[in-house]
Amino acid sequence: MWSTENPPKQHPTPAEIAQAVDAAAYVRLTEPDKKPALLADDNFKRLALRNPWARAKAMALYGLSVDDALTGDPGLPPDLGKLLHTAPNDNCPICRQRALMQKGNDF
C-alpha cells in the first residue's frame, strides 16, 4: 500500500505515463527497427495499459488487439499515426473531433 511506505514512493501521474507512451510511440514511428528499453519494462506496460489517457496508444504500441472502429477490423490494433497528432488535419482524434465540431457549426 502506497500510504504505508516510509518514505512514500513517488508514482508517475496519468499525464506523465501518457507522455512516456507518446514518446515511445514517436521513437517507434521514427526508428521502427529499434525497441526502446522502456517498452521492455513490464511495470511500465501495466501502468500504460491501465491508464485511460494512454490505453489506446499503449495497446497499439504493444500490438494488442482492440476493436478498431476506424478500420472496422476488430483484429487489428489502431494505427499509431491515427492516434498521435503529428500534423494539422492528420486524422488523429483531435483533428477528427475538430472536424465534427465544425460540421455542427455550419448553418
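All residue numbers refer to positions in the sequence shown, counting from 1.
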Would you name the heavy atoms of Leu49 and Arg55 that are closest together and state the gap between them?
O-NE, 2.9 Å
Would you compute the distance between atom CG of Asp22 and atom CH2 of Trp53 and round it to the nearest 0.5 angstrom?
12.0 Å
Yes or no on side-chain contact (heavy atoms from CB on, under 4.5 Å) for Leu47 and Asn51, after CA distance, side-chain angles and deciding distance?
CA-CA 6 Å; Leu47 286 172; Asn51 183 343; over 6 Å; no
Do Asp42 and Arg46 have side chains that approach each other closer than 4.5 Å (heavy atoms only, starting at C-beta)?
yes
Please report the shortest heavy-atom distance between Val27 and Pro36, naming the atom on each side.
CG1-CG, 3.5 Å
Residue from Arg28, Lys45, Lys34 passing side chain to side chain contact (heavy atoms under 4.5 Å, CB included) with Leu39
Arg28
Non-hydrogen atoms of Ala18 and Ala54 that approach each other most closely:
CA-CB, 3.9 Å
Nearest heavy atoms of Phe44 and Ala20, plus distance in Å:
CE1-CB, 3.6 Å
